[in-house]
There are 2 protein chains.
Amino acid sequence: MFDLIRVLKEKGYKVTPQRIAVYDLLKGTKEHPSADMLYNKLQPLYPTMSLATVYKSLEVFKELGLVQELNVGEDKFRYDANARQHPHITCSCCGKVEDVDDEMFFDLLEQVSQKTGYELVNQKLYFFGYCPQCQKNKVSGVS
Amino acid sequence: MFDLIRVLKEKGYKVTPQRIAVYDLLKGTKEHPSADMLYNKLQPLYPTMSLATVYKSLEVFKELGLVQELNVGEDKFRYDANARQHPHITCSCCGKVEDVDDEMFFDLLEQVSQKTGYELVNQKLYFFGYCPQCQKNKVSGVS
DNA sequence: TTTGCTATTGATAATAGTTATCTTCACAAT
DNA sequence: ATTGTGAAGATAACTATTATCAATAGCAAA
Ligand SMILES: [Mn+2]
Ligand SMILES: [Mn+2]
Ligand SMILES: [Zn+2]
Ligand SMILES: [Zn+2]
């Protein structure tokens, strides 16, 4: 099982309550929050925590390969405690961001590498559309 | 064959030399330039053109479905006069952005739609790695 | 436990890409 | 020619993110 505290210590980073709080919150959600979403959720429990600290914690986690940054076309980044690359899908109506099962993408990297001659190291796959919930609301006339 | 002037007129937009210049430049390049890259390239021929005009032209083109906006993880957007969704690959060394042949992605949308229940309208596929040129430079010791 | 070093925090200023504002200009319709 | 309106250019405003810096706190050594 993965342990934030161990990784921080191994790499010479200090273990602070702020870092633990940010990481735990991100780890415990499926909603791919942005920095300010994390900040707002932390406010009640950690009212003195600065937004800058949220950004700096995320920066450290990125360096350590513990989180990944997503850009789904908004003017801000979202974050994912699942650092393994996997496709995401965004609802253009309600804005939520969800994971896509990536079985079907298994040999994609290999194919792209062969086609382009690139030595591939990463990929970001984003899909956009209307989620089942928003489709339902639409036909039933809910705004 | 596609005609910018016709589309602008049809939709009630004025045909201006600035819009034509921005579009022609974007249409004639494969490098997926950002707004300021376009602006800088236009400077010699159109020294009075404002950066704001570049942005506003791109905005119009987006509305008309004539261009697409790319985000390859930089802190700015890039633009593509090929508005049809197609995968892109970025070299993490030299920063160039290229197209990927999308034959292999034909049935991807359908598969994702089935898996997620989303009504899909769009996708953005970004790959990252090292281009053949940069791989060569690396082994030959060029910085 | 106490001490001391130094990374980290919190507050805030700075940065940079993008958008909004506003005045002037171009130009098409009358 | 006159007039109305969208667009251009200049620049201010905006906003997410990053940098700065004094005060704080984690942690290793004594
Ligand atoms: Mn995810
Ligand atoms: Mn392209
Ligand atoms: Zn939705
Ligand atoms: Zn390269």
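Note on naming: letters A, B, ... go to the chains in the order of the sequence lines (proteins, then strands), and numbering restarts at 1 for each one.
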Atom [atom1] of [X] and atom [atom2] of [N]: how far apart are they, to the nearest Å?
X       : N      : atom1 : atom2 : value
B/Gln18 : D/dA10 : CD    : P     : 11 Å
B/Leu42 : D/dG9  : CG    : P     : 11 Å
A/Tyr79 : D/dA16 : OH    : P     : 12 Å
A/Ile5  : D/dG26 : CD1   : P     : 13 Å
A/Glu74 : D/dT17 : CD    : P     : 10 Å
B/Lys14 : D/dT5  : NZ    : P     : 10 Å
B/Asp75 : D/dT15 : CG    : P     : 18 Å
B/Leu8  : D/dA8  : CG    : P     : 10 Å

> Taking any atom under 4.0 angstrom from a heavy atom of chain B, which nucleotides of DNA chain C are the first and last to qualify, 5' to 3'?
Replying inline: C/dG17 to C/dT21

>> Working to the nearest 0.5 angstrom, can you tell me the gap between A/Gln133 CD and A/Cys91 SG?
In response: 9.5 Å

> From B/Lys27 NZ over to B/Ile20 CD1, what is the distance, rounded to the nearest 0.5 angstrom?
Replying inline: 14.5 Å

> Would you say the side chain of B/Lys56 and the base of D/dG9 hold a donor-acceptor pair, judged only by whether the two atoms sit under 3.5 Å apart?
Replying inline: yes

> In terms of side-chain geometry, is the basic nitrogen of A/Glu103 or B/Lys115 positioned less than 4.0 Å from the acidic oxygen of its partner?
Replying inline: yes

>> One thing to verify: whether B/Glu59 and B/Lys56 come together as a salt bridge, which I'm taking to mean a side-chain N less than 4.0 angstrom from a carboxylate O.
In response: no

> Quick one: does B/Arg78's side chain have a donor or acceptor within less than 3.5 Å of a partner on B/Glu31's backbone?
Replying inline: yes

> Would a distance-only check, ignoring hydrogens and angles, find a side-chain to backbone donor-acceptor pair under 3.5 Å from B/Glu69 to A/Gly73?
Replying inline: no

> Given D/dG26, D/dA7, D/dG9, which nucleotide is nearest the side-chain atoms of B/Tyr13?
Replying inline: D/dA7

> Within the structure, does a side-chain N or O atom of B/Thr53 lie under 4.0 Å from either OP1 or OP2 of D/dA7?
Replying inline: no

>> Students often get this wrong, so: under 4.0 angstrom with heavy atoms, is B/Ser34 touching a base, only sugar-phosphate, or nothing?
In response: nothing

